[in-house]
Amino acid sequence: MFERFTAYARRAVVMAQEEAREMNHNYIGTEHILLALLRRPDDLPNQVDVDASGILGEFGMTLAGVREEVLDKVGAGAGKRLSGHIPFTPRAKKVLELSLREALQLHHHYIGTEHILLGLIREDKGVAAQIMREHGDLLAIRAAVLDRVPAGDEDDKSDQATIPVALLRRMRLRLGGAREDEDAEAANVHATPAADATLVEAARLAGEAPVGSHHLLLAALADPDSAAARTLAGLGVDLDQARELLRTADVTGTSDEPPEQAGRRQMSIQVTAETLTIVVVDPVLVAAGEAALAAVSGLAETVGAGETAQGTGTSATTTVIRGDHPAAASLAGVWLELRKSLTKIANTASPSPSSSADAA
């Protein structure tokens, strides 16, 4: 669900739960998300996010001050401090959905804290919007966010059609809600409290990396009362040992390894004085290459068996796809990316001047 969320945005989702727990609330509302945005951590690496906490600060909002305002409006929960899963309210779920919509409208391929803030503003009715409205006009706050947001690529529509259908639906369903216009099958899919908490924790554990099965299992075992934890404990599994092994799990060669990483391990570049040869044994690319070769060879066969297609430099019996073949125009992009990658490898592998001086 959170593969497009930046590290700061993922942390904000987790911190919203912490804010609710500190106030002893049995729900995560828009007010807790607002407080989470004001808790921008200093221990995470620089991200692409716009500093939502800084923008809120420009309108006089501080973490301590907004906490007091929240308590004045909704009060603190009674009884002992809550533990375990705390569910999102429908309005809070809507904010996370709207954050995706805001990112899409801005042609961004990530969801940062600025998009979550825009989602809070766009939701308009929750406690967070009420508090922000007391500090400034919501349109003015929205304008302040947009003034700092980098422009997206309006011409890049590569996945604009698929994101709303796939990612937006997954977000709705995994947060436990669905709109009335969703199909009946989707509307009947809901997450249990444990599963909802597991998904949020798994996203936090993964950080900037894709969420893997080991993250999901580790997150599920974080709650000893989850069905997964109790089942494994009933089978005699040492949960502490299992958690430790999952934290250091090596995904190499597993189905959790991203395809591009698995493919990179099966790729090498042979360099001589005059040629550069890319050797790939990745079966996925090999199969794609065979299909491309067959298509190119088929073009040559239409000209005449054993003859060379005019202007293509490709015969029916060739094992080479030439870059100047009319059907291979897209290889220009491969050439550019390859040159860029080789330059980056050279720069990365070369010792810096300071390290060379130290070695001397």
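Residue indices begin at 1 and follow the sequence shown. Everything quoted here is computed from the prediction, not taken from an experiment.
Listed by chain and number, the residues in a side chain to side chain contact (heavy atoms under 4.5 Å, CB included) with Leu338 are Ile269, Leu276, Ile278, Leu342 (sequence neighbours excluded). In terms of the side-chain hydrogen bond (donor to acceptor under 3.5 Å, both in side chains) criterion, Gln266 has no residue partners (sequence neighbours excluded). Remark: Ala242 engages Leu221, Val237 in a side chain to side chain contact (heavy atoms under 4.5 Å, CB included) (not counting sequence neighbours). Remark: Val251 pairs with His214, Thr254, Asp256, Glu257 by the side chain to side chain contact (heavy atoms under 4.5 Å, CB included) rule, at least two apart or across chains. For Arg264, the side-chain hydrogen bond (donor to acceptor under 3.5 Å, both in side chains) criterion is met by no residue, not counting sequence neighbours. Residues passing the side chain to side chain contact (heavy atoms under 4.5 Å, CB included) test with Glu58 are Arg148, sequence neighbours excluded. By the ring pair (Phe, Tyr, Trp, His ring centres under 6.0 Å) test, His215 pairs with no residue at all, sequence neighbours left out.
Side-chain rings of Phe5 and His115 stay apart, their centers remaining 6.0 Å or farther from each other.
Listed for the Ser226 side chain is a donor-acceptor partner under 3.5 Å among the backbone atoms of Asp223.
With a 4.5 Å cut-off between side-chain heavy atoms of Ile, Leu, Val, Met, Phe, Trp and Tyr, the cluster of Trp335 takes in Leu336. Through direct or indirect side-chain contacts shorter than 4.5 Å among Ile, Leu, Val, Met, Phe, Trp and Tyr, Val334 is connected to Leu331. Grouping Ile, Leu, Val, Met, Phe, Trp and Tyr by side-chain contacts under 4.5 Å, direct or through others, leaves Leu245 on its own.
Counting only residues at least two apart or in different chains, salt bridge (charged side-chain N to carboxylate O under 4.0 Å, His left out) contacts with residues 231-241 comprise Asp240-Arg243.
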Residues 121-129, side-chain donor-acceptor partners within the protein, below 3.5 Å, at least two apart:
from: Arg122; atom 1: NH1; to: Glu102; atom 2: OE2; distance (Å): 3.4
from: Glu123; atom 1: OE1; to: Lys125; atom 2: N; distance (Å): 3.1
from: Glu123; atom 1: OE1; to: Gly126; atom 2: N; distance (Å): 2.7
from: Glu123; atom 1: OE2; to: Arg91; atom 2: NH1; distance (Å): 2.7
from: Glu123; atom 1: OE2; to: Gly126; atom 2: N; distance (Å): 3.4
from: Asp124; atom 1: OD1; to: Arg133; atom 2: NH2; distance (Å): 2.5

query = Passes side-chain contact (heavy atoms from CB on, under 4.5 Å), Leu56 versus Leu34? Steps please.
reply = CA-CA 9 Å; Leu56 293 169; Leu34 177 61; 3.7 Å; yes
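Between Lys344 and Glu337 there is no salt bridge, since no side-chain N of the basic residue sits under 4.0 Å from a carboxylate O of the acidic one.
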